[in-house]
Each structure stands twice: as C-alpha cells, then as structure tokens.
There are 2 protein chains.
Amino acid sequence: MPAQAGAAGGPRTPGTATRGETVPTVPPASKTAEAVDVTALLERGRTLATPVLRAAVDRLAPPMDTVAAYHFGWIDAQGRPAEGDGGKAVRPALAVLSAEVMSAAPETGIPGAVAVELVHNFSLLHDDLMDGDEQRRHRDTVWKVHGPAQAILVGDALFALANEVLLELGTVEAGRATRRLTTATRALIDGQAQDISYEHRDRVSVEECLEMEGNKTGALLACASSIGAVLGGADDRTADTLEKYGYHLGLAFQAVDDLLGIWGDPVSTGKQTWSDLRQRKKSLPVVAALAAGGSASERLGEILAADAKNSDVENFSEEEFAARAALIEEAGGREWTAGEARRQHTIAIEALDAVDMPDRVRAQFTALADFVVVRKR
Amino acid sequence: MPAQAGAAGGPRTPGTATRGETVPTVPPASKTAEAVDVTALLERGRTLATPVLRAAVDRLAPPMDTVAAYHFGWIDAQGRPAEGDGGKAVRPALAVLSAEVMSAAPETGIPGAVAVELVHNFSLLHDDLMDGDEQRRHRDTVWKVHGPAQAILVGDALFALANEVLLELGTVEAGRATRRLTTATRALIDGQAQDISYEHRDRVSVEECLEMEGNKTGALLACASSIGAVLGGADDRTADTLEKYGYHLGLAFQAVDDLLGIWGDPVSTGKQTWSDLRQRKKSLPVVAALAAGGSASERLGEILAADAKNSDVENFSEEEFAARAALIEEAGGREWTAGEARRQHTIAIEALDAVDMPDRVRAQFTALADFVVVRKR
C-alpha cells in the first residue's frame with residue numbers, strides 16, 4: 001500500500017489545494033444506476049425508519065429520552081422541537097433496500113435500519129466524549145450540553161435498545177441479525193480503540209489506517225447493507241456478500257470523508273476549514289503522504305512531528321494549514337486517497353455480482369454506492 | 001411504605017449503632033437448605049464460569065483485554081498476574097443452578113453465567129466513572145488507572161461480548177436468553193439514571209428507592225436466576241417465576257448492602273467506615289428514616305439538608321457520622337431495612353413454590369437466598 005501511495009503521488013505543483021474539487025470523478029457504474037433517484041431512495045429509508053426510531057427512543061426513561069432526542073436533533077438544548085440535520089441516512093436506505101434482495105417488502109428491513117441507527121448513534125455519543133469533540137452536526141455534543149454521565153448512559157441505552165428492537169421480533173432471523181449487529185458493534189469498538197491508540201503514535205501505516213477505518217465505518221455499513229436481507233431470510237452466503245458490498249462502500253465513504261476533512265468546503269461539511277489537520281488526525285491522505293517517500297513527504301513528516309509536540313496547532317493561521325495540505329497533496333496523499341475511494345467503490349459494486357437480486361434493486365445499490373463516492377458532505 | 005417504615009421504627013435509644021450486628025437474623029428457610037454447602041455451590045459457579053469468562057475477555061483487542069483483566073482482578077496495574085477478589089460470585093452460581101431446574105447439566109447455564117457477569121462488569125465500569133468512584137474491590141477503579149476513555153470503551157466491549165457469547169450458540173433459546181438479558185440491561189441503565197437524578201434531589205421516597213434498587217440490583221439477579229433455565233428450554237412462565245425469585249432476592253441483597261454501607265465492618269466490606277454516609281447516599285435506611293416522621297426523623301432531615309450543601313462531608317469525624325447513623329437508627333431506618341431484607345427474602349423463597357424442580361435444586365436456591373441475607377460483605 002505505501003508503494004502504491006508513492007506510485008500514485010508523483011511530484012505536483014505545491015499550493016494547488018483547492019476546495020470544491022475534492023470529490024473523485026466516478027463514472028456511473030451503469031446506465032440503470034444513473035436513472036435511479038437517489039434522493040427518493042434516501043428519503044424512503046428516512047421515512048420508513050424515523051417514526052420507528054422515535055418510538056424506540058420514546059421508550060427511554062426520563063431524562064434519557066430528552067437527551068437522546070437532543071442528540072438526534074429532534075429538540076434543541078432547551079427542549080423545543082427542532083428540525084435537526086438527521087444526516088444523509090445512507091444506512092436506513094441500505095437496510096430497507098437489502099430486504100428487497102429477498103423480494104421481501106422494504107418494511108421487513110425497518111427494525112434492522114432502526115437497530116443500525118441506534119448502534120451508530122451509541123458510538124457517536126461515546127466517541128464524542130472520548131475524543132473531547134464539542135460539535136456534531138452543527139450543534140454542541142451531548143456531553144457538552146448534558147454532561148459526560150448522560151453521554152455514557154444514553155449511549156448505553158441506545159445500544160441496549162438496538163438489541164431490543166431486533167430481538168422483540170422473536171424470530172430466528174432476528175437472532176441472526178442481532179448476532180451480525182453485535183459483530184459489527186465489536187468492530188466499531190475495536191476501531192475506536194485503534195483510533196485512540198494511534199493518536200499517541202508518531203507513525204501509522206496505511207494498512208493500519210485502513211483497518212481502523214474498516215472497523216469504524218466499514219463494519220456498520222456492511223451490517224446495514226445486509227440486515228434487511230437477513231430479516232427477510234437470507235442465507236449466510238448472501239448476507240456475507242452483501243456485507244462485502246457494504247464494507248468496501250464504507251471504506252470508499254471514509255476515504256471521501258478523509259478528503260473532505262482536509263479539502264472540504266466548510267459550508268457543505270458543517271465543519272471548520274482543514275478540520276482534520278486542526279485535530280492532527282492521521283487520516284488516509286496524511287498517512288499515504290507520509291508513506292510515499294520523497295522530499296515533500298519528508299518535509300511533511302518533519303512538520304507534523306513538530307506539530308505533534310505543539311499544543312497550539314488549533315490556533316494556526318489558514319495559511320499554515322494550507323501549507324500542510326499542499327505538502328500532503330504534493331506527496332500524493334490526496335490523489336492516492338481519491339484513487340482508494342474509486343478502488344473501494346469498484347470492489348463494492350463488483351461484490352453485488354455474486355448475489356441474485358431484482359435488477360431494480362441492483363441498480364439502486366449501485367446508485368447508492370455512486371452517491372457515497374461523489375457526495376460533498 | 002413510608003407508613004410501614006414509621007410503624008417499624010419506634011423510638012430507640014440513640015447511639016446504639018454498633019457494627020457486626022448488622023445482619024438481620026433469618027431463620028433458615030428449611031432443614032434441607034441448611035444442609036446445603038453454599039461455599040461449594042458458589043465455588044462451582046466460579047469454577048465453571050471463570051475459564052469461559054477469561055476466554056471471552058481474551059478475545060478483546062489490546063489494550064482492552066489488559067484493561068478488562070485489570071478490572072476483573074486477574075492482573076495488577078503493572079500487568080502482573082494477581083489473585084483478585086472476584087466477588088462473591090452469586091450470579092454465576094445462580095445461572096448454572098437454574099439450568100438444573102430443567103434437569104439440564106449445570107454446564108448448560110455457563111454462557112448465561114458469563115453473559116450476566118459481562119453485563120454486570122460493563123455496568124460497574126461505566127457507573128464507577130459516572131459516579132467518580134475511585135475504589136472498587138480494594139483497588140483503584142479502571143478510569144482512575146487507565147483513564148475515562150478506556151473505562152467507556154472496555155465497558156462497551158464487555159456489553160457487546162455478553163451478547164456475542166450468547167448469540168454464537170445460534171439456538172432459539174440463546175435468542176430468548178439474549179432478549180431477557182437485554183431487558184435486564186435496560187433496567188440496569190434505568191436504575192443508574194434514577195440513582196444519578198436522585199443525587200440532585202432533597203427527598204427520595206422509599207418507593208423510589210426500592211424501584212431504583214430493583215432496577216440496579218434486582219433485574220440482573222432475576223436474569224441470573226433464570227438464564228440457565230432459559231438456555232435449557234424453559235418456557236416463559238417458568239423463566240418469569242425464576243426471575244421473580246431473583247428480583248426479590250436482589251432487593252433483599254441490596255437492603256443488606258445498604259445496612260452494610262452504614263454499619264458494616266470495614267474489614268469485611270473493604271469499604272471505609274460509614275461509607276454510604278460519606279457519599280451522602282440516599283440508601284434505604286436513610287429514606288426510611290426520613291419517611292418515618294417523629295423527632296429523630298425531623299432532626300435527621302435538618303442535618304442531612306445542611307450536609308447536602310456542605311462539600312466537606314467526606315472529612316467529617318467518626319463521631320459526626322456515628323451521630324447521623326444513630327439518628328437513622330433512632331428513627332427506625334435500620335430496623336425497617338432489616339425487616340425489608342427479611343420480607344424480600346420471604347417473597348423470593350415463596351416464588352420458588354410455583355416452579356417444578358428437583359428437591360436438591362430447590363434446597364440450593366433456598367440456601368443461596370439465605371446466604372445473601374446473612375452475608376457480612
């Protein structure tokens with residue numbers, strides 16, 4: 001992988017880092033996929049899952065119900081109803097779509113969509129606290145507003161609720177779905193453990209970074225992409241193959257996220273400019289640039305080593321971050337990461353070939369994969 | 001309940017609080033129960049569950065495996081093997097015993113025993129952090145030694161592992177056991193939420209305290225008392241009845257714990273003298289004394305209201321705590337709580353009548369209930 005990174009990243013004119021050109025150009029995988037209305041597909045997942053998700057959260061005892069509602073963006077810090085940014089809702093869209101692989105109704109996937117969203121948000125609540133992140137989706141994080149104890153407690157409650165929503169179905173399929181969700185959750189936790197341990201290290205290899213991102217992002221997207229099918233009676237081979245699609249889609253998603261974390265437009269992402277550089281995050285473009293070798297790579301290594309000992313990095317000027325971003329780009333980190341997004345996107349799409357499913361469903365999976373790689377936030 | 005507390009607590013000579021007489025005298029429920037070797041029963045649960053528990057914890061990725069091993073007392077803070085105080089091991093003993101209700105081998109209950117222990121320890125890790133408790137089982141707590149992030153992360157991992165250990169059995173029974181464990185876990189979380197919210201309140205009723213203790217202690221003991229039977233194929237009625245035994249046993253256990261928290265011998269409990277009073281805990285003797293009415297109750301109310309605003313309570317002299325304990329006793333809080341332990345013990349034992357089981361197993365359940373109420377730590 002480092003060799004690949006080096007190969008991809010030839011010397012480039014420094015200072016060409018511009019925003020708005022972040023997204024790798026991906027040729028639509030097929031004409032049928034191009035014809036899919038992705039907005040409608042995402043909206044369908046959201047519409048089917050949200051009422052059930054809200055009903056599940058309403059089961060929590062006060063004040064956990066309120067804290068969770070704040071986290072999901074349904075109310076503001078004062079408890080007034082809010083029109084929150086519920087995120088892109090890729091996971092619920094995938095979960096209900098995956099039920100259709102088995103020719104089941106999309107509704108079959110709803111408990112799976114809800115359980116996956118609950119686990120995702122459990123991990124956000126705990127990760128934000130562990131990482132000391134004060135902002136999420138343009139708002140103060142739960143631990144910042146309601147205190148660390150509520151962040152821990154409500155995270156725990158959402159995790160338990162995820163299992164409850166599935167297991168109360170009382171079917172053999174629900175048991176299998178819960179087992180897969182548990183495996184994904186363990187991976188999520190492993191990924192966070194790796195993320196924390198990497199923060200204290202000078203160097204992280206590209207392989208380690210990909211493994212961490214596979215755990216943190218791939219595993220749960222894998223589960224989302226298969227859980228509706230499992231609830232619809234899919235055998236292990238079908239479920240595993242759909243998981244493969246979701247896992248690599250997750251890696252593509254994360255590669256794009258890592259690009260947006262450096263070169264994303266703050267208006268679209270809702271984050272600060274150069275946000276991952278401010279946090280000294282060892283994301284893919286950074287580790288790929290450091291692994292590439294060459295003069296830009298070496299200069300970057302020296303600068304980041306000095307930054308690691310500097311507690312004032314957050315307050316650097318725009319120019320200082322731009323200089324670092326330019327070095328990452330010059331060393332090939334940006335190009336390699338864009339290539340990695342494309343490569344993972346291709347593996348995801350190709351995995352679908354091994355599963356029988358209606359053409360319409362296949363086109364929709366493909367269109368969602370295209371969407372994930374070309375998104376701007 | 002407050003009336004009951006008042007009725008139980010007539011005026012008593014103040015200052016009679018002595019340690020070592022904490023434990024309510026409970027007549028052994030039956031001659032057969034008296035003949036049971038409880039030590040051997042506890043040892044059997046520990047011997048069957050511990051190797052499987054250790055193997056499960058070994059699955060955790062570093063450094064979580066080490067942090068968990070420290071928490072369980074298997075290694076010290078420097079990573080050297082330790083002979084930890086693994087606790088009384090009542091839960092594993094109950095879990096393997098409950099398999100025998102179905103005439104299954106005790107081994108059938110092992111995954112249940114392990115899952116319950118994992119959930120119990122998940123909650124300890126998170127509760128210690130939320131409560132800021134620095135000591136557990138005579139050692140520094142995990143967040144104190146390894147930091148808050150590891151306490152959160154390893155807690156999450158143990159919770160996930162609990163589900164994994166059950167669901168990988170792949171049976172219908174395992175799915176049902178996981179669902180019951182999830183319900184118990186939600187109750188555990190509700191109880192901790194109540195515990196936290198009560199800390200900020202001046203008054204807590206006896207009913208609220210019992211509800212909180214039912215959630216924090218009753219629910220998981222209920223699950224422990226039935227999970228082996230569920231894995232052995234018990235129907236819902238049998239499982240519910242065994243849960244009833246465990247739930248009331250949990251309330252009896254907690255009532256004794258609350259007595260030990262004030263009048264327990266520090267050498268036996270491993271806690272400081274008057275530990276619950278130092279922490280200004282609204283435990284059963286306190287809330288019962290406050291609810292009882294009368295002059296001692298009123299004086300206690302005034303003193304505790306002043307203490308609530310005093311950040312120096314921890315550093316009070318032995319005499320000051322002794323005076324508070326004497327008032328609690330004078331108002332009837334000690335006697336009422338001892339009576340409550342006996343009452344809950346009786347309900348637990350009587351619940352067993354509704355389930356068919358071998359006489360030996362019934363005697364062993366009864367003996368464990370006797371043990372819980374007469375324990376000194």
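A, B, ... follow the sequence lines: proteins, then strands. Residue 1 opens every chain. Small disclaimer: the values here were computed from a predicted structure and weren't measured.
- Within a 6.0 Å radius of CD in Glu314(A), other residues, nucleotides and ligands contribute 12 heavy atoms or fewer.
- Of the listed residues (Gly175(B), Ala157(B), Ser197(B)), the one with the most heavy-atom contacts under 4.5 Å to chain A is Ala157(B).
- A distance of 8.0 Å separates CZ in Phe159(A) from CZ in Phe122(B), rounded to the nearest 0.5 Å.
- Contacts of Glu168(A) with chain B are made by both backbone and side-chain atoms, with heavy-atom separations under 4.5 Å.
- Heavy-atom pairs under 4.5 Å with chain A were tallied for Asn163(B), Val154(B), Asp156(B); the largest tally goes to Asp156(B).
- If you measure heavy-atom distances from Leu129(A) to chain B, the contacts under 4.5 Å come from the side chain alone.
- No other option in Ile196(A), Asp190(A), Thr185(A) has as many heavy-atom pairs under 4.5 Å with chain B as Asp190(A).
- For chain B, no part of Arg176(A) is nearby; none of its heavy atoms comes within less than 4.5 Å.
- Counting heavy atoms of neighbouring residues, nucleotides and ligands inside a 6.0 Å radius, atom CG of Asp58(B) exceeds 12 of them.
- Ring-plane geometry between His126(B) and His126(A) is classed as perpendicular, the angle between the planes exceeding 60 degrees on a 0 to 90 degree scale with a lower cut at 30.
- Atom CE of Met130(A) and atom CG of Leu153(B) lie 5.0 Å apart (nearest 0.5 Å).
- Lys216(B) NZ: more than 12 foreign heavy atoms inside a 6.0 Å radius.
- Residue with the most contacts toward chain B among Ile152(A), Leu60(A), Thr182(A), Thr183(A): Ile152(A) (heavy-atom pairs, distance under 4.5 Å).
- Distance CE/Met64(A) to CZ/Arg186(B): 7.0 Å, rounded to 0.5 Å.
- Annotation: the span from Thr178(A) atom OG1 to Leu167(B) atom CG amounts to 6.0 Å, rounded to 0.5 Å.
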